[in-house]
Amino acid sequence: MPELPDVEGFRRVLARHAVGAPVRAVAVLDNQVLRGFGPERLREVLRGRRFGEPWRHGKWLVVPIIPPGAEQSSLLLHFGMTGELVWADDDGGRHRHDRVVFVLPEGELRYRDMRKLTGVRLAGNAAECRSLLADLGPDALGLTRGELARVLAGRRGRIKPTLADQAVVAGLGNLLVDEILWRARIAPQRSVADLEPGDVTRLHRQLGTVLRRSIEAARVPPRPSWLTGRRDEPSGSCPRCGTTLSHGRVGGRGTVWCPRCQHR
DNA sequence: CGCCCACCCTGATGGC
DNA sequence: TGCCATCAGGGTGGGC
């Protein structure tokens with residue numbers, strides 16, 4: 001589930017409910033999601049502290065811990081395929097997939113994740129934080145046409161795996177890439193090297209549109225007029241031309257495209 | 001660099 | 001009903 005729009009939604013949840021309030025307690029319900037540190041260390045860095053203003057890069061949510069000690073520690077949250085961040089006004093209704101719960105005076109912030117494919121990291125200082133994010137390309141939100149052209153330059157692979165590669169552009173996942181390519185009328189198997197300036201322009205424009213509208217909904221909205229709204233139907237049709245959509249694997253991921261509108 | 005595979009996890013689903 | 005294979009919008013590391 002979580003791609004850039006979802007994580008942006010989690011960022012807002014955290015910013016709205018949890019910033020600035022003292023962290024009263026931290027319940028680690030599953031040690032497995034803590035990567036590279038244990039529950040004790042987490043409680044120790046949060047003792048007597050608060051969450052600062054969260055920011056996002058790609059699918060990573062970074063939460064500074066304030067006030068800083070000798071160094072600025074940060075929590076780095078990734079949501080894998082099934083993660084989410086949930087605010088609850090009281091301590092009831094916990095979910096069985098809640099893995100870490102931050103207890104605040106006005107409620108609880110819950111890191112929930114069924115599959116535990118990624119998890120939570122802790123950076124002890126700014127340099128560590130930077131190095132954890134060092135392999136990411138520029139954030140997909142606000143990417144200019146020039147930046148897109150620059151990161152695609154010299155690439156020889158297919159467009160879908162390239163756009164989904166976090167080292168190229170950060171934030172796009174399987175659903176978003178399919179949606180963007182469908183709107184830009186470019187087949188997912190198309191070679192990056194074959195793209196013409198007009199293709200890059202459409203790609204950039206649709207990338208921006210899809211991201212903005214998805215952020216409003218905090219997800220890629222499964223509307224019937226979007227590819228995402230049809231992709232799970234066994235023989236769904238293209239919302240634009242009515243042709244039966246094709247299903248296959250590109251770059252090892254399930255891929256849906258319109259064989260008529262999207263040119264190879 | 002690009003591509004493929006195995007692997008990390010849990011849960012839902014369909015076939016036998 | 002049980003069991004097994006397969007699949008799912010994440011990422012990593014290794015081999016070619």
Side-chain angles (χ1 to χ4, degrees), chain A residues 1-10 28-36 56-62 76-85 95-100 111-121 131-137 139-141 150-183 188-195 207 210-211 213-215 217-223 226-234 236 245 247-257:
Chain A
M1 175 219 265
E3 303 179 73
L4 189 155
D6 308 77
V7 180
E8 182 59 21
F10 304 149
V28 177
L29 306 171
D30 190 329
N31 291 6
Q32 236 178 333
V33 302
L34 304 184
R35 306 294 169 108
R56 183 191 56 69
H57 188 92
K59 302 174 189 173
W60 284 94
L61 183 59
V62 183
L76 287 86
L77 278 49
H78 197 287
F79 300 92
M81 230 188 277
T82 51
E84 55 188 319
L85 201 56
H95 191 279
R96 67 179 169 134
H97 297 140
D98 286 339
R99 309 298 186 188
V100 182
Y111 175 83
R112 182 175 299 173
D113 188 11
M114 179 180 82
R115 285 174 72 183
K116 302 182 283 184
L117 287 171
T118 52
V120 178
R121 297 190 159 266
S131 96
L132 284 168
L133 304 175
D135 291 338
L136 298 175
D139 191 78
L141 184 61
R150 183 171 54 75
V151 298
L152 293 180
R155 291 271 158 185
R156 309 203 69 81
R158 296 161 299 172
I159 187 63
K160 166 155 182 173
T162 302
L163 286 178
D165 184 345
Q166 303 302 293
V168 174
V169 184
L172 306 182
N174 202 40
L175 274 196
L176 276 172
V177 170
D178 279 5
E179 190 71 42
I180 291 162
L181 290 174
W182 173 71
R183 292 181 64 125
Q189 304 88 345
R190 180 99 168 265
S191 160
V192 175
D194 289 347
L195 295 182
L207 190 153
V210 168
L211 274 184
R213 297 212 193 149
S214 298
I215 285 172
R219 63 192 293 203
V220 187
R223 292 200 267 262
W226 288 45
L227 181 69
T228 303
R230 305 285 183 89
R231 64 179 298 141
D232 293 334
E233 299 169 20
L245 295 168
H247 293 253
R249 297 192 87 75
V250 179
R253 302 282 174 194
T255 303
V256 182
W257 71 97

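For clarity, every value in this text was computed on a predicted model and none was experimentally measured. In what follows, chains carry the letters A, B, and so on, assigned in the order in which the sequence lines appear, proteins first and then strands, with residues in each chain numbered from 1.
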J.: With a non-hydrogen cut-off below 4.0 angstrom, is A:D178 in contact with a base, only sugar-phosphate, or nothing?
T.: nothing

J.: Does A:H97 place a side-chain N or O at less than 4.0 Å from the phosphate oxygens OP1/OP2 of B:dG11?
T.: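 Yes, within the criterion.
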
J.: Grab the two heavy atoms, one from A:P5 and one from A:L176, that are nearest each other, plus how far apart they are.
T.: CD-CD1, 3.6 Å

J.: For residues A:R99 and A:K116, determine if any side-chain heavy atom of one lies less than 4.5 Å from a side-chain heavy atom of the other.
T.: yes

J.: Is the ring pair A:W60/A:H78 parallel, tilted or perpendicular, if the boundaries are 30 and 60 degrees?
T.: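 A:W60 and A:H78: perpendicular rings.
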
J.: Quick one: does A:R183's side chain get under 4.5 Å of A:W226's, heavy atoms only?
T.: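 A:R183 vs A:W226: side chains touch.
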
J.: Counting primed atoms plus P, OP1 and OP2 as sugar-phosphate and everything else as base, spell out the protein contacts along nucleotides 10-16 of chain C at 4.0 Å heavy-atom distance: B, S or - for each nucleotide, 5' to 3'.
T.: BB-----

J.: Want to know the stems of DNA chain B: at least 3 consecutive Watson-Crick or G-U pairs with distances under 3.5 Å, which are they?
T.: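 B:2-8 with C:10-16, B:10-16 with C:2-8 - these are the stems of 3 or more pairs that involve DNA chain B.
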
J.: Within the distance-only criterion (no hydrogens, no angle test), does the side chain of A:R56 pair as donor or acceptor with the backbone N or O of A:G58 below 3.5 angstrom?
T.: yes

J.: Calculate the interatomic distance between A:E179 atom CD and C:dG9 atom C1'; express it in whole Å.
T.: 12 Å

J.: Would you say A:V250 and A:P161 make side-chain contact, with heavy atoms under 4.5 Å?
T.: yes

J.: As a test of understanding, state which of A:L85, A:D98, A:V100 forms a side chain to side chain contact (heavy atoms under 4.5 Å, CB included) with A:R112.
T.: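 Of the listed residues A:L85, A:D98, A:V100, the side chain to side chain contact (heavy atoms under 4.5 Å, CB included) partner of A:R112 is A:D98.
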
J.: Please state how far atom CE in A:M114 lies from atom C1' in C:dG9, giving the value in whole angstrom units.
T.: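 Rounded to the whole Å, the gap is 12 Å.
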
J.: Can you tell me if the side-chain N/O atoms of A:R249 get under 4.0 Å from OP1 or OP2 in C:dA8?
T.: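 Yes, because at least one side-chain N or O of A:R249 sits under 4.0 Å from OP1 or OP2 of C:dA8.
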
J.: Roughly how far, to the nearest 0.5 Å, is OG1 of A:T118 from CG of A:L76?
T.: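 The CG atom of A:L76 sits 11.5 Å away from the OG1 atom of A:T118.
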
J.: What does nucleotides 1-7 of chain B look like as a protein-contact string, B for base, S for sugar-phosphate only, - for none, at under 4.0 angstrom between heavy atoms?
T.: -SSS---

J.: Nearest whole angstrom, please: distance from the C1' of B:dC8 to the CZ of A:R99.
T.: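 In whole Å, B:dC8 C1' and A:R99 CZ are 14 Å from each other.
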
J.: Would you name the heavy atoms of A:H97 and A:H95 that are closest together and state the gap between them?
T.: N-ND1, 2.9 Å

J.: State, with a plain yes or no, whether a side-chain heavy atom of A:D135 is found less than 4.5 Å away from one of A:Q166.
T.: no

J.: Sticking with atom C1', work out how far C:dG10 lies from B:dC1, rounded to a whole angstrom.
T.: 23 Å

J.: What residue among A:L132, A:L141, A:L136 forms side chain to side chain contact (heavy atoms under 4.5 Å, CB included) with A:H57?
T.: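 Exactly one option meets the side chain to side chain contact (heavy atoms under 4.5 Å, CB included) with A:H57, and it is A:L136.
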
J.: Expressed as a whole number of Å, how far does the P atom of B:dA6 sit from that of C:dA5?
T.: 15 Å

